[in-house]
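Quick caveat: nothing in here was measured; it's all calculated off a predicted structure. Both ligands and their constituent atoms are indexed starting at 1 by order of listing.
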Amino acid sequence: MHRETKLLHYGRGTLPTPANPPVVRASTILHDTLESYEETLRRRNADDSVLSYGRRGTTTAHALMAAINDLEGGDGCWLFPSGVAAIATTLQAYLHQGDHLLLAETAFHATRTVCDHFLKPNGVRVDTIPWDAADLSQWIRPETRAIFVESPGSDTFEVMNLPALCKSAHEHGAIVIADNTYGSGWLYQPLQLGCDVSIIAGTKYLSGHADVMMGAVTARGAATSELRQAVLACGQTLAPDEAYATLRGMRTINLRIERHEENAHVVVNWFKSRKEVERVLHPALAEHPGHASWQRDASGTNGLVTVLFNSRVNIRAFLNSLQLFAIGSSWGGFESLAKKVQPTRILTQAGMGDLNNVVRFHIGLEHVADLIDDLETALNAAVAAK
Ligand SMILES: *Cc1c(COP(=O)(O)O)cnc(C)c1O
């Protein structure tokens, strides 16, 4: 069955049934006999879809876990109240005192914060690897337990060569954990490229409507049981309403991402035609870092576009003049966003221009002609204001 068809059928019970699995709110699940209670506790040891207690998720969360697990191609999926909670628990699951972690320089800032404020003080050594690392032998130590990658990277979208990197990691007995928020299970499938664990901040495209906070972690093979243990021990869970909203959002992730991509390509080409623009960062561009890996490994790009403007542009005036693009954190909802970013690692790439003049856009689902009009008006105002 095609992935598009599966999206619409995830979580459906036997007919007659509601088209969406209902929101089931519960802490306690009531039993009439001690035998029934004991039988449930026994069954849940080997099966996370058993309804036993609210912290283990109700049927609403179980439907979502099965859906994301299928989308990502895993052996088990667990849910979290935010993307950052998913990342922190995953790192905690695999890394203990004395272990060594290799962290891709492209990783989301909050991932680096977890390493600095949590892993390092607890005796885990963390070293950074460049986005184009494929053969890991020069960084691997006997105690290297895991490689954490994010491809494409946050803000500047460098695409990593995951198949080669995973092969090298496995030769050295390390696992590979991927932050798959950019691809969100639709554009990019790290578990199929060799990674052991894939994390999605479902706050973004999975839920897709800027009204949910959630994270999901899917694992495959031997990596699955350690993750499960950590999730259960730490009491990580997702509330039923959030699980419901995420599953409903997922139904249309294909259509939404397609339109985000289409609109983003129009905006990318328009920016490239403007003399105020030094460089446009978007994985679909032939000159983009890692473009060949992206073409080989992914099925498309999303609505994220980062633009380096030259010093003729007053960025504050530009952002304040935009009418359809709001200024805000996050992305992956239906709406257009713009935000000033300061990507330090961009310094390693030659000829990048003025690093104080970098804006990350999320191109929304509005009619693209209206978005271009808005960008044009604001950019003209921002050059005049200089
Ligand atoms: C947004 C984001 C996260 C964090 O997700 P939250 O739900 O905001 O905690 C993690 N990784 C990446 C790549 C993100 O873009």
Side-chain angles (χ1 to χ4, degrees), residues 64 68 72 77-92 103-119 131 147-160 162 176-190 195 197-218 231 234 236-239 241-243 245-246 249-250 253 256-257 260 264 281-283 290 294 298 301-306 328-335 337-339 341-343 345 360-364:
L64 180 61
I68 299 174
E72 289 269 69
C77 170
W78 289 274
L79 306 176
F80 301 80
S82 71
V84 169
I87 291 166
T89 305
T90 302
L91 288 170
Q92 200 175 351
L103 176 68
E105 62 174 344
T106 49
F108 189 58
H109 66 90
T111 306
R112 279 177 274 150
T113 304
V114 174
C115 293
D116 292 342
H117 294 262
F118 182 76
L119 291 187
W131 69 268
I147 328 295
F148 191 105
V149 298
E150 186 181 325
S151 177
S154 276
D155 294 343
T156 41
F157 321 125
E158 296 87 342
V159 184
M160 303 183 76
L162 290 190
V176 181
I177 304 164
D179 184 330
N180 189 28
T181 301
Y182 184 105
S184 284
W186 189 253
L187 296 173
Y188 202 46
Q189 294 182 297
C195 296
V197 181
S198 176
I199 302 173
I200 299 176
T203 308
K204 311 280 170 62
Y205 282 122
L206 215 50
S207 60
H209 294 74
D211 55 0
V212 172
M213 295 296 303
M214 74 83 69
V217 185
T218 310
V231 170
C234 296
Q236 290 287 8
T237 189
L238 182 70
D241 292 84
E242 310 310 287
T246 307
M250 265 177 80
I253 191 173
R256 288 183 288 106
I257 288 193
H260 284 291
L281 296 170
H282 185 76
W294 185 248
T301 44
N302 65 23
L304 289 170
V305 178
T306 293
S329 302
S330 202
W331 43 269
F334 50 83
E335 79 286 15
L337 296 168
K339 185 179 104 139
V341 291
Q342 211 137 24
R345 69 176 178 275
R360 189 196 70 197
F361 297 90
H362 177 250
I363 310 304

With nothing but distance in play, are any N or O atoms of G83 less than 3.5 Å from an N or O of ligand 1?
yes
Do the side-chain N and O atoms of H282 and T301 include a donor-acceptor pair separated by under 3.5 angstrom?
yes
Starting from atom 12 (C) of ligand 1, find the nearest protein heavy-atom neighbour and note its residue, name and distance.
D179 OD2, 3.4 Å
Nearest non-hydrogen partners of E242 and D211, listed with the distance
OE1-O, 4.3 Å
Polar atom proximity, T203 to ligand 1 (N or O, under 3.5 Å)
yes
Would you tell me which option among A201, S82, S184 has the nearest heavy-atom contact to atom 5 (O) of ligand 1?
A201
Polar contact flag for K204 and ligand 1 (N/O pairs, less than 3.5 Å):
yes
Is it true that E158 and T106 share a donor-acceptor pair across their side chains at a distance under 3.5 Å?
no
Please find the pair of heavy atoms, one from I68 and one from T218, that lie closest to each other, and give the distance.
CG2-OG1, 3.8 Å
Mind listing the closest non-hydrogen atom pair of F80 and A85 along with its distance?
CD2-O, 3.9 Å
Does ligand 1 have a heavy atom under 4.0 Å from the side chain of T111, from its backbone, from both, or from neither?
neither
Side chain, backbone, both or neither: which part of S154 comes within less than 4.0 Å of ligand 1 when only heavy atoms are counted?
side chain
H362 and Y205 aromatic ring geometry - parallel, tilted or perpendicular at 30°/60° bounds:
tilted
Would you tell me whether S151 and Y188 have side-chain atoms, one donor and one acceptor, within less than 3.5 Å of each other?
yes
Give yes if a backbone or side-chain nitrogen or oxygen of E150 is under 3.5 Å from a nitrogen or oxygen of ligand 1, and no if not.
no
Side-chain contact test, heavy atoms from C-beta onward, threshold under 4.5 Å: evaluate it for V149 versus I177 and give yes or no.
no
Closest to atom 8 (O) of ligand 1 among protein heavy atoms sits M213 CE, 3.7 Å
Atoms of ligand 1 under 4.0 Å from any heavy atom of T181, numbered from 1 in the order shown, are 11 (N), 12 (C), 13 (C), 14 (C), 15 (O)
Indicate yes or no: does an N/O atom of F108 lie under 3.5 Å from an N/O atom of ligand 1?
no
When you measure from atom 9 (O) of ligand 1 to every protein heavy atom, which one gives the shortest distance, and what is it?
V84 N, 2.9 Å
In this structure, does ligand 1 have an atom that sits under 4.0 Å from one of the heavy atoms of W331?
yes
Answer yes or no on whether K204 is positioned over the face of F334, meaning its NZ or CZ is under 6.0 Å from the six-membered ring centre and within 45° of the axis.
no
